[in-house]
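A quick write-up on the structure given underneath.
So you know, we letter chains A, B, ... as the sequences are listed, proteins then strands, and number each from 1.
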Protein chains: 2
Amino acid sequence: MGRPLRADAARSVRAILEAAEQVLAEDPGASMEQIAEQAGVARTTVHRRFANRQALIEALAASAKQQLMESVADAHMDTAPPLVALHRVTANVLRIKSVWRFTLGHPLADSPLTAAIWSEVNAGALAFFARAQREGLLAPDTDLMWARRVYYALVEEAQHGGGADLDPDQVRQNADAMATLVVDTFLRGTGPHG
Amino acid sequence: MGRPLRADAARSVRAILEAAEQVLAEDPGASMEQIAEQAGVARTTVHRRFANRQALIEALAASAKQQLMESVADAHMDTAPPLVALHRVTANVLRIKSVWRFTLGHPLADSPLTAAIWSEVNAGALAFFARAQREGLLAPDTDLMWARRVYYALVEEAQHGGGADLDPDQVRQNADAMATLVVDTFLRGTGPHG
DNA sequence: CTGATTTGCATCAATGTTGTTGCGTGGGAA
DNA sequence: TTCCCACGCAACAACATTGATGCAAATCAG
């Protein structure tokens, strides 16, 4: 990257990325003009900062996945007790996902970089589930691949329902509540316990 | 509808609908030309049969949702024992969904008609889960709305993985196997039983 | 303050998609 | 067999989107 962006330029870039996320979340086929409008910026400015639509989406993916990885790392899944780690990572991921609905919802625009990040996250998840199984949190006969798919599906579903326009505080509380629900359902299902 | 279509015309319509389903499943923004090509038909023929892209998608939705409703009715969810009914409807729906990935995967193009069908299916599902809860299949404290969302998410997930280009026989077997997995996970989760 | 940078705006060409029309041909139906 | 319908093909206009350029005004940084 050449020299650092000027303050206003940096502001534009951030505004465009946020706008793109919001607009594309509602309509993945939205035009650059709609994104520019939402960002409060002329369409030419968008093209100045991002040559292609592709470039814009990749930048989006980069931002989102970096934040996602930080929030995953923050859960310390390799040291904390499995149940605690699972709850914590679920809440963290739900919080991030509520902000990046489009980028994290569509596995599109997987540049080699972001693809690598993804496979790293997936491998980490699988390793975590393996440990959880060894420590008795998952049934011994549970297929780990299927468990991971189920877990992802529940997280995705938990984020679909509520969660539009909330205070940052409410977002955190909601993420916690949904995390409890997700983990509980993931481990015990919906049938009678015991 | 005026007079019945001639044999070749009917064939074209079917070819176009199948092609649209396949092409749109891979790229929801695909052009009419791509659909026509996949159907082995000139683009003008597509426009002859379906005035708009919208009209085509609605026709798609009509076909798919009719088949879906038939497959649901076929499970006799109101009379059969809940566990049996749940397994049967799951297998049936998985079979239909594997064919109509695009149309049933995207709640787009909800004409008033198809929207009505949807809400009917959803209401039926909720009623079924209520009965299942009364008869002890679901825990008494399970939120039925959440249960329905979880069930839908699991069905959707089960259909994502395998299932591309299989014999009709293999499709049925696969649907059965996945239905068992889905129902089991739905009711008991992935944790240790018992 | 002053120079450099960014932006908005107007404009332009290129492109792809949509939807329509007319015509000749080939296959279905009575 | 004969008539008619549906098809493919070519061509067309309308439209939206993309991406680029030049320029004057606003704004940032040293």
Kindly write out the residues that satisfy salt bridge (Lys or Arg N to Asp or Glu O under 4.0 Å) with [X], not counting sequence neighbours, or none if the list is empty.
X        : value
A:Glu157 : B:Arg149
A:Arg14  : none
A:Arg131 : A:Glu135
B:Arg6   : B:Asp8

Classify A:Gly29 by what it touches in the nucleic acid, base, sugar-phosphate, or nothing, heavy-atom distance under 4.0 Å. nothing

Please write out each protein N/O paired with an N/O of nucleotides 15-18 of chain D under 3.5 Å, distance rounded to 0.1 Å.
| residue | atom | partner | partner atom | Å |
| --- | --- | --- | --- | --- |
| D:dT18 | OP1 | A:Arg53 | NH1 | 3.3 |
| D:dT18 | OP2 | A:Met32 | N | 3.1 |

What bend angle does the helix from C:dC1-D:dG30 to C:dA30-D:dT1 show across its length, from five-pair end axes and to the nearest 10 degrees? 40°

Heavy atoms within less than 4.0 Å of DNA chain C: which residues of residues 12-25 of chain B have one? Give them sorted by number. none

Between [N] atom [atom2] and [X] atom [atom1], what is the distance in whole Å?
X       : N      : atom1 : atom2 : result
B:Phe50 : C:dT18 : CZ    : C1'   : 16 Å
B:Ile57 : C:dT18 : CD1   : C1'   : 14 Å
A:Ile35 : D:dG19 : CD1   : C1'   : 15 Å

Salt bridge flag under 4.0 Å for residues A:Lys97 and A:Glu156: yes

Quick one: CZ on A:Arg53 to CG on A:Leu24, what's the gap to the nearest 0.5 Å? 6.0 Å

Minimum heavy-atom distance between B:Ala158 and B:Leu94, given as atom pair plus value: CB-CD2, 4.1 Å

Taking every heavy atom of B:Phe186 against every heavy atom of B:Ala147, the minimum-distance pair comes out as CE1-O, 3.3 Å

Residues in ring-ring contact (aromatic ring centres under 6.0 Å, His included) with A:Phe128, at least two apart? none

Quick test: give all pairs of protein nitrogen or oxygen and nucleotides 22-30 of chain C nitrogen or oxygen below 3.5 Å, distance rounded to 0.1 Å.
| residue | atom | partner | partner atom | Å |
| --- | --- | --- | --- | --- |
| C:dG27 | N2 | B:Arg6 | NH1 | 3.3 |

Only counting residues at least two apart or in another chain, list the ones meeting side-chain hydrogen bond (donor to acceptor under 3.5 Å, both in side chains) with A:Thr180. A:His87

Qualifying residues under side-chain hydrogen bond (donor to acceptor under 3.5 Å, both in side chains), relative to A:Asp143, sequence neighbours excluded: none

Polar contact flag, side-chain donor to acceptor under 3.5 angstrom, B:Trp146-A:Thr185: yes

Tell me which donor-acceptor pairs under 3.5 Å the side chains of residues 33-41 of chain A have, and how far apart each pair is, sequence neighbours excluded?
| residue | atom | partner | partner atom | Å |
| --- | --- | --- | --- | --- |
| A:Gln34 | OE1 | A:Ser31 | N | 3.0 |
| A:Gln34 | OE1 | A:Ser31 | OG | 3.4 |
| A:Gln38 | NE2 | A:Gln22 | OE1 | 2.8 |

